[in-house]
Number of protein chains: 2
Amino acid sequence: MIVRPLVDQERIVRELEALAEFSDTPKPAITRILFTKPDLEARAYLKGLCEEAGLHLREDGLGNIFARWEGSAPDLPAVGTGSHFDAIPYAGMYDGTVGVLGGLEAIRSLQRSGFKPRRSIELLIFTAEEPTRFGIGCLGSRALAGVLSPDSLRELKDPEGRTLEEVRWEAGYMGRLEDVALPEGYYSAFVELHIEQGPVLEQERVPLGIVTAIAAPASLRVHLEGVGGHAGTVLMPDRRDALCAAAEIILGVEAFAKNSGSINTVATTGFCEVYPNAVNSVPSRVRLEIDIRDVEQSRRDQVIRNVIQGVEQVCTRREIKYSVQIINIDPPAKAGSDVLKALVASCSEAGVRFKLMVSRAYHDSLFMARIAPTAMLFIPCREGISHRPDEYAAPDDIARGVYVLALTLAKLSLAEEKTVAKDDPVLLDE
Amino acid sequence: MIVRPLVDQERIVRELEALAEFSDTPKPAITRILFTKPDLEARAYLKGLCEEAGLHLREDGLGNIFARWEGSAPDLPAVGTGSHFDAIPYAGMYDGTVGVLGGLEAIRSLQRSGFKPRRSIELLIFTAEEPTRFGIGCLGSRALAGVLSPDSLRELKDPEGRTLEEVRWEAGYMGRLEDVALPEGYYSAFVELHIEQGPVLEQERVPLGIVTAIAAPASLRVHLEGVGGHAGTVLMPDRRDALCAAAEIILGVEAFAKNSGSINTVATTGFCEVYPNAVNSVPSRVRLEIDIRDVEQSRRDQVIRNVIQGVEQVCTRREIKYSVQIINIDPPAKAGSDVLKALVASCSEAGVRFKLMVSRAYHDSLFMARIAPTAMLFIPCREGISHRPDEYAAPDDIARGVYVLALTLAKLSLAEEKTVAKDDPVLLDE
């Protein structure tokens with residue numbers, strides 16, 4: 001059967017623009033944090049579009065949104081696609097959203113082409129891929145994969161001390177957390193379309209990237225507690241300044257990543273909060289959040305050990321109380337081979353060059369790979385910029401990605417059971 | 001004439017407790033920021049007490065409050081006393097307030113004793129000694145001394161971008177800024193009662209300190225602008241991380257102060273704000289605020305030069321854009337000799353031991369010294385702790401300070417014109 005998806009490039013650009021209106025900061029800076037007003041407005045907008053496309057809607061207690069195009073064999077495991085629509089403070093308008101609206105447009109393009117799905121095709125719009133509010137990334141997909149238990153979810157608090165339980169109820173999500181994890185075999189395959197968030201595709205002038213593995217991210221939270229006091233009256237030898245300790249740790253994080261022996265190691269102190277944060281007060285408390293990633297888990301874990309040891313040494317020398325929490329430490333994921341094959345075949349069919357690559361960013365697919373054969377499709381973004389207001393993906397590149405995604409979803413929808421059943425994800429646990 | 005002030009120790013403690021209720025944070029943490037609700041409520045409370053004491057109230061356009069006990073020679077320059085009542089975030093309940101309520105109680109104790117002032121005695125309650133809202137300390141006293149021009153005042157903005165003009169109008173202070181500076185010879189003398197904010201009096205078991213000089217404080221604001229991006233995808237060699245640059249600067253500030261050659265040099269990076277401040281984003285911008293003090297101006301200024309040079313070097317090496325603003329760089333002040341004499345005489349009269357000392361904290365008196373013979377009276381505070389919720393001064397120590405202050409105000413009120421006229425402040429400009 002020959003499928004010719006009819007992608008409406010103007011429409012998806014228009015919808016991306018419309019979605020960008022839901023933000024707590026003026027355009028082009030997008031800020032859309034879980035269960036804030038812009039997040040809730042964006043949800044309403046997206047659900048409206050799904051309904052318009054005739055998809056069957058379902059939401060779980062965490063706010064993950066499922067929009068299903070029922071196939072002729074509705075009892076078979078479905079084919080999933082999707083991404084997230086939340087945005088860290090002052091981010092851009094393409095991260096995640098290209099996979100949400102692109103996934104929807106892929107479904108619509110197949111509808112327009114007259115394609116009839118066998119397995120259902122489902123758009124999955126994830127809750128909170130970004131860790132902004134509750135300090136943990138991929139909240140929705142972790143819970144779907146059963147990686148985050150209902151009890152752990154109930155313990156989560158935002159920086160204002162409000163629990164996830166409180167804010168999800170307030171947002172109208174009252175479903176049982178016990179019902180969030182997807183049953184085994186729910187999806188036969190999952191494909192996520194996403195901007196690369198790196199410069200490789202643009203630099204090599206390749207229009208598509210097929211992601212064969214997702215790197216192993218980890219993050220740490222460090223609490224430092226020294227002794228505060230008046231900046232004019234506490235003499236230098238008597239100080240136990242939490243910010244000076246933090247400064248040494250920040251430089252240590254940078255040095256450990258630089259000296260890991262591989263260009264693929266990255267480590268970042270992205271968050272630093274100082275208390276009481278007044279020019280004339282010696283800082284008494286600091287909270288740091290540190291992100292450490294590598295495509296090789298053992299090398300990443302060595303950096304984590306180095307950082308923790310560094311915190312100990314600095315704090316012992318400076319007489320600072322400290323705690324280090326490991327917020328997440330996830331193994332890398334390898335793509336499902338039959339999903340990869342379907343992506344490669346779709347690229348050939350579309351006559352589009354592609355590059356097999358590794359992702360060093362976090363994605364919901366990292367967790368979907370635990371419960372379904374999963375792969376990702378990358379499109380170029382300008383200068384590799386992401387998480388910034390000037391993040392940009394060209395309409396042509398978006399439409400090309402959507403076209404290949406649609407072809408891939410069609411193939412996977414028609415796939416026999418046995419083919420898919422063999423195709424388990426392989427986790428690169430070392 | 002023998003004066004025996006009748007100090008009501010219980011009353012002043014009760015009033016300090018009552019004032020502590022006006023706070024944006026739960027007790028014992030006091031947060032009272034210029035023209036916020038607690039600041040406005042505290043103003044209303046204090047003005048009520050002054051009216052109750054029969055004092056004549058006046059406020060200027062910045063919110064400095066004057067409460068005058070008219071003397072028998074109302075045209076002579078008055079004797080002033082007072083301090084501030086604002087509090088940095090999570091501070092304590094004695095800094096400033098002891099001089100406000102203590103100044104008022106000193107006046108009331110003289111009223112109770114039957115004393116009749118010759119020169120008027122005026123309580124001066126300063127607006128915003130702390131730099132919290134507009135980044136500049138001693139806002140009220142600087143303006144009173146003519147150190148901060150009306151035009152500079154009109155340029156001030158708070159962290160939310162609101163101008164001082166907006167917020168003072170909103171708070172009901174609509175007077176002309178041109179009328180804030182006090183005319184020459186307004187005060188014949190000024191005395192500020194304050195907690196020491198250092199451990200010396202307590203350690204040496206001396207109940208009172210008479211301050212002969214106030215150290216030279218300065219503060220800098222450093223803006224750093226690097227390049228942000230996704231923490232997973234920007235490789236280490238490609239980074240221009242503003243927080244890593246900030247970390248080097250913070251450690252430099254500490255090292256320059258430690259290596260100044262004198263125990264009296266202190267330098268603090270008390271404020272650090274990171275943008276976008278998300279664990280998975282490379283920090284693109286950081287704002288630091290640095291406080292540098294010394295009793296010797298030349299040594300302090302050498303530390304300032306070292307810090308500025310350090311910022312240049314770090315930012316050049318790391319390819320970070322930067323700017324350094326000098327927020328304030330004030331010369332030290334020496335106390336007026338006749339005010340000192342009156343304080344010393346009052347201590348003898350009261351039979352209280354005292355220590356002549358230097359203040360390393362900022363005080364409104366630093367600026368009052370530019371327009372009037374000025375001195376300060378310190379009382380001990382527990383462990384030298386200040387700007388923290390556990391700041392504490394004992395009721396006995398407070399009452400003793402108020403008693404000596406009252407005696408001093410009485411002496412200065414009766415002082416002849418020629419005695420006081422000779423008594424100009426000497427600025428230690430080098």
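These figures come from a predicted structure and were not determined experimentally. The sequence lines fix the lettering, A, B, ..., with proteins before strands; numbering per chain opens at 1.
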A:Ala267 versus chain B, the contacting section by heavy-atom distance below 4.5 Å: backbone
Toward chain B, the part of A:Leu235 with a non-hydrogen atom under 4.5 Å: both
Approximate separation, where rounding is to 0.5 Å, of A:Ile250 CD1 and B:Asp241 CG: 8.5 Å
Nearest heavy atoms of B:Pro131 and A:Asn280, plus distance in Å: CD-ND2, 3.3 Å
Non-hydrogen atoms of B:Cys244 and A:Leu251 that approach each other most closely: O-CD2, 3.5 Å
Most contacts with chain B, counted as non-hydrogen pairs under 4.5 angstrom, among A:Gly198, A:Gly228, A:Gly92, A:Ser386: A:Gly228
Top contributor to chain B interface from A:Pro276, A:Pro89, A:Gly384, A:Pro283 [non-hydrogen pairs under 4.5 Å]: A:Pro283
Contact summary for B:Met236 and A:Glu254, nearest pair of heavy atoms: CE-O, 3.9 Å
Contacting region of B:Ile263 [heavy-atom separation from chain A under 4.5 Å]: both
Residue part contacting chain B, namely of A:Ile249, when any heavy atom lies under 4.5 Å: neither
Contacting moiety of A:Val200, where chain B heavy atoms sit under 4.5 Å: neither
Engaged part of A:Thr132 at the chain B interface, taking heavy atoms whose separation is under 4.5 Å: neither
Side-chain donor-acceptor pair present, B:Asn277, A:Glu273, cut-off under 3.5 Å: no
Pairs of heavy atoms under 4.5 Å with chain A: top-ranked of B:Val227, B:Asp95, B:Leu243: B:Leu243
Least distance between heavy atoms, B:Gly232 atom then A:Val266 atom: O-CG2, 3.8 Å
B:Val279 to A:Ser219 - nearest heavy-atom pair and separation: CG2-CB, 4.3 Å
Interface moiety of A:Arg239 toward chain B, non-hydrogen atoms closer than 4.5 Å: side chain
Pair B:Glu196-A:Thr233, side chain to side chain contact (heavy atoms under 4.5 Å, CB included): steps then yes or no: CA-CA 9 Å; B:Glu196 182 198 345; A:Thr233 57; over 6 Å; no
Contact winner vs chain A - B:Glu391, B:Gln197, B:Glu289, heavy-atom pairs under 4.5 Å: B:Gln197
B:Ser284, part contacting chain A, at a heavy-atom distance under 4.5 Å: neither
Residue A:Glu248 versus chain B: region with a heavy atom under 4.5 Å: both
B:Gly270 versus A:Val274, closest heavy-atom pair with distance: O-CG1, 4.1 Å
Region of B:Val234 that comes under 4.5 Å of a non-hydrogen atom in chain A: backbone
